[in-house]
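First comes the structure, then the notes that go with it.
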Amino acid sequence: MIKSFGESIYEKLTGIKRNGLILSEKRRDEILYYAKRVRAKDYYFSIPIDNGANIYEKVLTTTANWDFILTSVSFSDSIYRRYGSWGFYKKFKLGLKFENFYPTSPLGSIAEDLNCIPSEFTICDGFSYDTGGVLDRHLVEPKNLFYYLGQRITIKAQIKAEPNNLYNGLTNVGILLTGIEVNLQDEGVD
Amino acid sequence: MNMAEITKKLGDLKQTQAYEKTFDFTRSFIAKAGEANSFAIPITNEGPFLQMSYNISYTRNSKKITTYHNVTSTETFCGVKIKFKSQADNSAQSNDYIPVQLISTPGGWNYARYGARPFQHLYPKGDVLVIEYDNREPEKLIHATPDYPNDGETFEMSDELIQICFNGYIYPLNK
């Protein structure tokens, strides 16, 4: 239900007809009203990774007063490092966990509810990432996610390399969480 | 109706009704080597600009020289990180600087690039887009060790050309 609500807002923003169509003033106001309250947002952080099978962790919190809907996750290869024909590392395991301490969380304790984004770092081959030694193959983007996470969500990422798959001591992996933020503070059209 | 009447009617229509039109808002800039800076760009005063997506391409002029386990290699890279901010929104569109590779248009760096990255944002009429960039040396992660005292890395940062095209719609307002 929450999902369909978010989607309906999103559709209002993207489903408009295009290219010089004459709009009624009401329709225009409607579009701008929803546009004002729906915006794209990126959350980026980088995490170290090494070949000692150590687990590294980073935490960030999303914006207050804006509900965050996660729509895609991208990883950056270690953009600064690559050695000869080796490729830098072959695989890492990443897990994302979402925690919401905000009292009006739509999903409460959501870590268990979000099976697509693994809550454990040892999981889900879908999030293993094989660089294959290909230069500039820095994007892996699981798309078509639609997770209504709420506001002030704490996102905890944990990562580790599989043993013997890293040909260097240490690097950083960038993680980009892209989504839509919806402001529900002010109901009613202006 | 003759042409003059048609023109007048079209003019009246535009005066009395709001409409939308597609709009490409482009900007190129040089990210100076070793600098972090920001600049502001006024967006059109014609009306609100509803950005739907953007394309970014970049050069890859900076150089990294690495010695790892006594093997030295050199590669070029682009170390630019950017952040967008709307003055009216008073909030950045990302929580941190994002490496330009991660949000640029897909494609090899020296090949044609295709597609656009969906990213919706409404800029009110008269709004100003602030672009912040950082083209300073990245963090060094490789260091000499007792076994490999020559290990390390050197960066030679160069100016990079960043080209951005924001795609969206303008709603010219007549009132």
Side-chain angles (χ1 to χ4, degrees), chain A residues 10 13-14 16-29 31-32 34-46 48 60-63 66 71-72 74-84 135-139 141 167-172 174-178 180-181, chain B residues 13-14 16-22 48 50-53 60 64 66 68-69 71 73 75 77-79 81 83-84 86 89 91-99 101-104 106-111 117-122 124 138-143 145 151 153 155 169 171 173 175:
Chain A
Y10 186 66
L13 183 61
T14 58
I16 55 178
K17 292 184 179 177
R18 301 184 172 168
N19 294 325
L21 176 76
I22 302 293
L23 301 176
S24 70
E25 195 169 332
K26 177 175 176 296
R27 181 69 181 131
R28 182 203 66 197
D29 288 347
I31 290 167
L32 296 184
Y34 285 109
K36 277 183 196 171
R37 287 156 182 78
V38 181
R39 67 183 185 192
K41 182 89 174 189
D42 285 328
Y43 288 99
Y44 173 78
F45 48 96
S46 62
L60 65 82
T61 304
T62 64
T63 322
W66 287 81
T71 57
S72 76
S74 312
F75 306 114
S76 75
D77 189 342
S78 85
I79 54 174
Y80 305 126
R81 23 224 88 238
R82 179 171 179 272
Y83 300 101
L135 194 62
D136 244 25
R137 187 179 162 191
H138 54 264
L139 286 174
E141 198 164 337
Y167 294 106
N168 185 26
L170 179 69
T171 187
N172 283 321
I175 299 169
L176 181 63
L177 304 174
T178 302
I180 306 163
E181 285 193 331
Chain B
L13 202 57
K14 285 191 175 181
T16 54
Q17 296 193 52
Y19 63 101
E20 66 180 12
K21 65 178 186 181
T22 50
L50 182 56
Q51 173 192 303
M52 300 304 287
S53 60
R60 196 170 179 142
K64 177 173 69 76
T66 305
Y68 179 65
H69 291 192
V71 177
S73 60
E75 68 175 284
F77 74 106
C78 176
K81 295 181 284 185
K83 186 197 273 190
F84 300 121
S86 146
D89 192 41
S91 165
Q93 294 172 20
S94 61
N95 67 319
D96 200 355
Y97 288 93
I98 301 176
Q101 292 95 331
L102 204 47
I103 52 174
S104 61
W109 63 273
N110 53 350
Y111 295 96
R117 179 174 191 248
F119 202 88
Q120 295 86 15
H121 192 94
L122 174 73
E139 179 190 5
K140 290 182 180 175
L141 295 175
I142 296 179
H143 303 286
T145 62
D151 276 9
E153 54 195 344
F155 296 104
Y169 303 95
Y171 298 90
L173 301 175
K175 299 175 186 176

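Throughout, protein chains are lettered first and strands after them, A, B, ... in sequence-line order, and every chain is numbered starting at 1.
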How far does CD of A:Glu181 sit from OG of B:Ser91, to the nearest 0.5 angstrom? 7.5 Å
State, with a plain yes or no, whether a side-chain heavy atom of A:Leu32 is found less than 4.5 Å away from one of B:Pro48. yes
Between B:Phe119 and A:Asp42, the two heavy atoms sitting closest are CE1-OD2, 3.3 Å
Looking only at heavy atoms, which two atoms of A:Lys41 and B:Ala92 are closest? And how far apart? NZ-O, 2.9 Å
Checking heavy atoms, do the side chain of B:Tyr97, its backbone, both or neither come under 4.5 Å from chain A? backbone
I need the minimum non-hydrogen distance between A:Tyr44 and B:Asp96, along with the two atoms involved. O-CB, 4.0 Å
Just so I know, are the side chains of B:Tyr171 and A:Ile31 near enough to count as touching, which here means a heavy-atom distance under 4.5 Å? yes
Given that the side chain runs from C-beta out, which part of B:Asp151 has a heavy atom under 4.5 Å from chain A: side chain, backbone, both or neither? neither
